[in-house]
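Here's the structure we're looking at; comments come further down.
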Amino acid sequence: MSRSTLHVLRLVLSDGVERPYLLDEPVPSTRTTDDDPVYDPWVHLAYLLAQQGRDADWLARFTGLPSAAAREIAAAARRH
């Protein structure tokens with residue numbers, strides 16, 4: 001997957017810091033700098049489950065992600 005087709009979403013997780021998170025599985029060839037999106041397996045899992053129809057409330061409970069982040073992930077899954 002080329003760098004231009006990566007699905008990235010800016011989220012605030014439990015640490016309270018907004019940063020870009022990679023929604024897709026990381027591909028080593030796409031990493032070029034230290035400011036690349038962060039890969040979090042819970043964010044990736046939530047994105048996959050949202051693509052399969054799980055709603056944001058369920059995602060937040062299952063993954064432990066903040067509700068606001070789960071809503072953003074679910075919305076992104078509907079767009080993609």
Side-chain angles (χ1 to χ4, degrees):
M1 183 176 289
S2 75
R3 191 168 169 75
S4 62
T5 60
L6 293 175
H7 296 115
V8 175
L9 192 59
R10 292 195 70 80
L11 299 170
V12 177
L13 299 187
S14 59
D15 64 359
V17 177
E18 182 181 90
R19 59 177 58 92
Y21 284 90
L22 186 60
L23 297 177
D24 303 302
E25 200 166 350
V27 178
S29 63
T30 62
R31 294 203 43 89
T32 58
T33 66
D34 287 338
D35 63 344
D36 283 337
V38 175
Y39 176 76
D40 182 288
W42 288 111
V43 170
H44 181 219
L45 178 62
Y47 181 63
L48 293 175
L49 293 170
Q51 287 178 319
Q52 295 175 7
R54 296 295 185 165
D55 66 46
D57 291 332
W58 187 91
L59 294 171
R61 285 191 311 275
F62 183 77
T63 63
L65 293 171
S67 294
R71 284 191 301 274
E72 292 292 324
I73 293 166
R78 287 190 301 269
R79 289 191 302 268
H80 300 143

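Everything quoted here is computed from the prediction, not taken from an experiment.
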At what distance, to the nearest 0.5 angstrom, does CG of Leu48 lie from CZ of Arg54?
13.0 Å
Could you state whether Leu9 and Val38 fall into the same hydrophobic cluster, counting links through intermediate Ile, Leu, Val, Met, Phe, Trp or Tyr residues with side-chain heavy atoms under 4.5 angstrom apart?
yes
Heavy-atom closest contact (Leu22 atom, Pro37 atom, distance)
N-CB, 3.8 Å
Side chain to side chain donor-acceptor pair (under 3.5 Å) against Arg10, all qualifying residues, sequence neighbours excluded
Glu18
Can you hop from Val43 to Trp58 via hydrophobic side chains spaced under 4.5 Å?
yes
Rounded to the nearest 0.5 Å, what separation is found between the CG atom of Leu23 and the CG atom of Leu11?
7.0 Å
Hydrophobic cluster membership, Tyr21 vs Trp42, 4.5 Å side-chain cutoff:
yes
Quick check for you: to the nearest 0.5 Å, what is the distance between Arg19 atom CZ and Asp40 atom CG?
9.5 Å
Verify same cluster id: Leu49, Leu13 (apolar side-chain graph, 4.5 Å):
yes
Using a 3.5 Å cut-off and no angle test, enumerate the donor-acceptor pairs between side-chain atoms of residues 72-80 and protein atoms at least two apart in sequence or in another chain.
from: His80; atom 1: ND1; to: Tyr47; atom 2: OH; distance (Å): 2.9
from: His80; atom 1: ND1; to: Ala76; atom 2: O; distance (Å): 3.2

Could you report the tightest heavy-atom contact between Tyr39 and His44, atom names first, then the distance?
OH-ND1, 3.0 Å
Shortest non-hydrogen pair, Val12 vs Ala69, comes out as O-CB, 4.0 Å
